[in-house]
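Just below is one structure, and these are the notes that go with it.
Quick note: numbers below take in every heavy atom, side chains included, and nothing from hydrogens, waters or symmetry partners. Throughout, protein chains are lettered first and strands after them, A, B, ... in sequence-line order, and every chain is numbered starting at 1.
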Amino acid sequence: MRIAVIGNGIVGTATAAWLQRDGHQVTFVDPLGPAEATSFGNAGSLSPSACLPVGMPGMWKKVPGWLLDPLGPLAVRWWYAPVVAPWLTRFLRHSSREEVVRIATALRGLLAPIFDCYEPLLQRANGSGLMRRSGCLYVYSGPEAARQWAWGMNLRRSLGVEMRDVAEDELVALEPDLKGRFRFGILAPENGSTLDPAAMTRALFEQCERDGAQVHRARVTGFRVKGGSVHALELEGDATLETEGVVLAGGAWSARLANQLGPRIPLETQRGYHVTVGSNNLALRHTVMAVEHNLMVNPMRMGLRLAGSVEFAGLNAAPDFRRAAMLLARGKEMFPHLDTSVTSEWMGHRPCLPDSLPVIGRAPRVDNAWFAFGHGHIGMCGAASTGREIAHLVAGRDPEIDLSAFAPTRWAA
Amino acid sequence: MPRRLDVAIDVGGDFVDLVAHGADQPTILLKRPRDPEAALGATVAALLAQAGIAPAEVARLRLATTLATNALVNGTAGPVALVATRGFADVPDLGRQSKRDPMDEAPPPPTPHWLSPPDLRCEIGGRIDARGEEVEPLEGLDAVLAHLARLPPGASAAICLLFAPLNPAHELAVAQAIAAARPDLRLSLSHQVDPGPREFERTLATLADAALKPLAAARLSGLTPAPWVLRAEGGLAPLAEALDHPLGLALSGPAAGARAVAFWAQGENAIGLDMGGTTTEVSLVRAGQPLTAREIGLGALRLRCPALDVESLAMGGGTTLALQEGRLRFGPAARPAGRGGAQATLTDAALCAGWLPGAAPGLALDRAAAAAALVAALGTAEAAPALELAEAVIANALRRIALRRGLDPTRALLVAGGGAGPLHAAAIAQRIGARRVLLPPTPGLLSAFGVALAPAAASLEASCDLALEYVAQLAPQAAAQAAALTARLAAWGCTARPAHSLAMAYGGQAETLAVPFQPGEAPQDLATRFDALHAATRGHDPGGARRMLALRCVAEAPLGPPPPPPSPGTLAHRTLPDGTQLRDGADATLRIPPGWQAMPRADGALLLERAA
Ligand SMILES: Cc1cc2nc3c(=O)[nH]c(=O)nc-3n(C[C@H](O)[C@H](O)[C@H](O)COP(=O)(O)OP(=O)(O)OC[C@H]3O[C@@H](n4cnc5c(N)ncnc54)[C@H](O)[C@@H]3O)c2cc1C
């Protein structure tokens, strides 16, 4: 089949690669190059453990704080509050214990095969060096602090995530750079990360091209539908592109297109920031998640990346790089000896649904379009398994994981 | 009456060595540089001629060869078609997903790309479960046959289905169908090549075995008489048998060296240091027995295959020297090793240091040229730093290798062979804290001597997963294995001595240890033996549930009378100004640093001891 893939972020690219394995002829349609949007600057964590939703039990108590502290780890810009309020209401509704267990179970299905789904693609693309499986350390100021998050950690364990408590002395042995600040840790040995998310996406993209993918640099504005099938894409500037099938993987910008092919999908952007310390002088071997700061630390090939922060301000507002400065300040607290003479900053748009689950499935109103977007905080993690499952759906095979929780129709009342 | 000679030949990377002996005949020893262009048959014929042995005088030909090793390391074998269980065709790429260095951006792929190209893989429906029971019947044979139809004549295919070692019915059915449709294809079945758990290791071993089949058949057939070939396990097998399972041919030379080291160790704990032109082979001996391993390492490739425990270091006489950012670096061995040229090698450095005589067989030793090469590479003709660094690198590796196996390097005997081993052994021993070094007579022929010593051997393995209490249940299977091996060796004309072992682990462990056992033994005795072995190898014995994961049987039989120990010959003595003594033999130079004393042993070996 000739399939157009809208979006060449990590999700579109990995999906295209899986489609090519079935012999499909893929055309990427995207005004930007590979990994120039959200897939460029994320924390690069590849975590089978990252199955908990953003909204956890008890979260509602914190909402007022989000509005009051514009530089807190989670913040809503005051002028955006009315716009995002209905979304936040839904978000809180999904944060009950029952909902969290349901969501975590579904996400775990998507994330458990992360490496099995990336490795064949990366081997073919000669890019397996960009992925490593060196474990993630969740660190806490002490065992009491860790207890606050214990319910979630135990939920992960119950879903088969291997997590091992690490006392202070072992923590220092594992990562001498953490000495002094953290007195307790939890090691997720199965976790991994990429040394460079943009390079990993590009490696896969370039292999897709070598395997015959075409590239069309344009923004898609709509679909031409006839007899229940999409037969062409409408492009900016009145052009069209004939196709026999479509995968929509437009990240945070997918809603407008998705809403043309099915019921409205409440997609919102959670803006995140990074600071990459090019002058990194630490010798970290794991990725480190500082749970209390909501900060992910990944030793990458271009330096030490500190990433995190959630900001509700829509797709168009300018970045507020004070938030990046906050990340750096936290990083310096964690690692007082970190050399921060060379740094760079970035903001990206996480494509988020209120239940923290992506949308994976066939478009409700047509028979030849599939949705693969909304991966929120875990798009690097979930891209390859999403691609594998989309390829199964396109081929008419049974999916390998239960996709019902990811259905595009789940908000149709 | 013409002579009847038992001829052992070791075809190495740089040299071919020969040890030939017969009743009432003086033993013939010969070392010659190898012509890398020559075919194996021509090499053997030329060597026999040079040794003055007529083809009719060869009663038995024994062979160790780097053929399989080179083919796998250089990727000159294969490619192989793979038939996998549905959903498992990616197994060769998935591997174990463990990188030695997490920041390495170009790690070696788990399966070399040449060995299993993705477009030569296909999947077949049907499923055997973890208890060996069929849960889905075989389905989709036609598609597999259609896929294999495009293979060229004589190509090879590997059949690797899930849980085949527990129930080979599906693999056998696929093999039968392929053999009927394409009788020319060479097949390797995973349950026969490597009947162990974990599909990646099994698949990789089966792919490698299949890759070697056409190559080994083409290169090894046609020798007369048909040789006995040394396998990684350290035993000889008739050629036809070896060709059926060519994976065993990998590391055949190093296995020969390990055999010889065990012989010279005379019941002691020993570390073998076999340093040739390209690599140094390190083997280990506990109480006179060579240690065994479950996998062999060839460069980045790790293949599961029963073997003698030999680790290879990329350091030999031909190792090149260079300065990088002011630091001394070792590069890959120059070709041909040690024969001068523009690149400076360790041999050049040894020559400049005055360690080597003016002439040696097969080596054009030119001190002026060596000094010039050294000056060009390092800016000085001062050789000592390079030699000391090389010895330190080897010593570090040796210490690590021995300690990982629970062998104390300070108490072990260091047995040194190979062309370069005796030159460096005492200095390396000093660095690892060992007090005694054994230099066998004609150390340069260590491996060939090992081939001459090696018994005929074959083994069988069956996987299981049982708590130790149920060991009695394995008795019938053990008896069947022993009977099968006895019959097989009888067909080779040998009387076998079967020995049993169990692959055991504590509950929850993935890696096993081989525990010797005799059918009928009580579980308690086995538990004690396993605990002691675990403590000796890993430094502790946690106790608790013990499991048996495989049953192995090895049958060995001596193949003719052993060769008499070679006579040491007369060594030329030299002394350096610092008190270093050098003794030049026909095939190697021994270096005795100050503080060491050399005592001849009755068997002709020289024992070096360090003054306390
Ligand atoms: C600070 C931060 C840290 C993060 N850390 C991690 C982490 O550690 N691990 C993890 O798994 N995830 C992480 N994420 C999330 C992850 O980055 C995203 O989930 C992921 O990049 C989303 O990928 P995507 O392909 O869906 O979207 P994108 O990478 O945003 O790609 C979407 C593409 O679609 C194109 N597009 C959009 N609309 C159209 C249109 N109409 N026509 C044509 N093309 C269109 C865009 O141009 C873009 O190229 C992080 C995110 C942030 C912001």
Give a yes or no on this: more than 12 heavy atoms of other residues, nucleotides or ligands lie within 6.0 Å of atom CZ of B:Arg150. yes
Residues of residues 384-391 of chain A with a heavy atom under 4.5 Å from any heavy atom of chain B, in residue-number order, are none
**Prompt:** Should we say atom CZ of A:Arg285 is surrounded by more than 12 heavy atoms from elsewhere, each under 6.0 Å from it?
**Reply:** no
State whether the number of non-hydrogen atoms from other residues, nucleotides or ligands found under 6.0 Å of B:Arg404 atom CZ is greater than 12.
no
Checking heavy-atom separations under 4.5 Å from chain A, one finds in residues 87-97 of chain B B:Asp90, B:Asp93, B:Leu94, B:Gln97
The interface call for B:Pro109 against chain A, heavy-atom contacts under 4.5 Å, is both
By residue number, those in residues 118-132 of chain A with heavy atoms under 4.5 Å from heavy atoms of chain B are A:Glu119, A:Pro120, A:Gln123, A:Arg124, A:Asn126, A:Ser128, A:Gly129, A:Met131, A:Arg132
Residues of residues 392-400 of chain A with a heavy atom under 4.5 Å from any heavy atom of chain B, in residue-number order, are none
